[in-house]
Amino acid sequence: MSAALQMTAFGLALLSTLFLLLATCTDCWMVNADDSLEVSHKCRGLWRECVTNMQDGVRTCDQYDSILADHPVKIVVTRTLLIAADLLAGLALATLLLGLDCIKFLMEDPRVKLKMCYGAGVILGLGSILGLVGSVWYAVDVYVERAMLVSHNIFLGVHYDFGWSCWLGMAGSTGCFVASVLLTCCLY
């Protein structure tokens, strides 16, 4: 039972960490959501903004000037929280891998291995909270920005909606949280 639970938590943590890493690196946190016929598809991310021509599929991206440049708060906060979540999830995966019963590391002391699994769960939980706060922060800011434009009857020709990177960040954070619960609450 314990080994199956550990392997389930490890598989979920690995998949969720990959989702978090992909969400951090990809550039489709906001997508244009205009109802009219579009000739281009626009995505805004944490690191750059890309436009894809729908007729010929050519994609061009503009990198943001610098990491240290003046960016909107939502980008800076989301970057910081997701990078911290990625680092914590990676550390938790390494700790969990060494704490698994099927790994021949510290086999003579199973209590230490159990504590390593518990510690990995705590670290994974902290990383999941940071990732979820970053993803939800960005999504709420996109929603508030759109609501402000609508309430003031401002139409700029295109409005943005949540992109797949935002959803991927939320899914990865939720998966890390579930793996954390499995390791901290259910393992004992």
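Small disclaimer: the values here were computed from a predicted structure and weren't measured.
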Enter the distance from [X]:[atom1] to [Y]:[atom2] here, rounded to the nearest 0.5 Å.
X	Y	atom1	atom2	value
Phe19	Thr26	CZ	OG1	11.5 Å
Ser173	Ile129	OG	CD1	10.0 Å
Ile83	Cys25	CD1	SG	9.0 Å
Met30	Leu46	CE	CG	11.0 Å
Leu20	Asp86	CG	CG	5.5 Å

Val73 and Leu81: same hydrophobic cluster, using ILVMFWY side-chain contacts below 4.5 Å?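 Yes; Leu81 is reachable from Val73 via cluster members.
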Is there a path of hydrophobic side-chain contacts, each under 4.5 Å between heavy atoms, that joins Leu15 and Leu91? no
When you measure from the side chain of [X] to the backbone N and O of [Y], does any donor-acceptor pair fall under 3.5 Å?
X	Y	result
Ser128	Gly125	yes
Arg48	Asp27	no
Trp47	Thr24	yes
Ser165	Ala23	no

More than 12 heavy atoms from other groups under 6.0 Å of CZ on Phe10: yes
Are the side chains of [X] and [Y] in touch, meaning some heavy atoms are under 4.5 Å apart?
X	Y	result
Cys176	Thr17	yes
Tyr118	Thr184	yes
Met170	Cys166	yes

Which of these passes side chain to side chain contact (heavy atoms under 4.5 Å, CB included) with Ile123: Leu88, Leu93, Leu87, Leu96?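 Exactly one pass, corresponding to Leu88.
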Identified side chain to side chain contact (heavy atoms under 4.5 Å, CB included) partner of Met116 from the options Leu183, Leu97, Leu100, Leu98: Leu98
For Cys50 and Cys61, is the interatomic SG distance under 2.5 angstrom?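 Yes, Cys50 links to Cys61 through a disulfide.
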Enumerate donor-acceptor pairs with a distance under 3.5 Å from any side-chain N or O in residues 130-137 to protein atoms, sequence neighbours excluded.
from, atom 1, to, atom 2, distance (Å)
Ser135, OG, Gly131, O, 3.0

For Lys74, side-chain hydrogen bond (donor to acceptor under 3.5 Å, both in side chains) partners two or more places apart: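 Lys74: side-chain hydrogen bond (donor to acceptor under 3.5 Å, both in side chains) contacts with Glu145.
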Nearest heavy-atom pair of Ala179 and Leu12: which atoms, and what distance?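 Looking at all heavy atoms of both residues, the closest pair is N-CD2, 3.7 Å.
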On a heavy-atom basis, which atom in Gln6 and which in Gly99 lie closest, and how many Å separate them?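 For Gln6 and Gly99, the tightest heavy-atom pair comes out as NE2-O, 4.1 Å.
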Paired with Trp29, the ring-ring contact (aromatic ring centres under 6.0 Å, His included) test is passed by just one of Tyr138, Phe162, Trp164, namely Tyr138
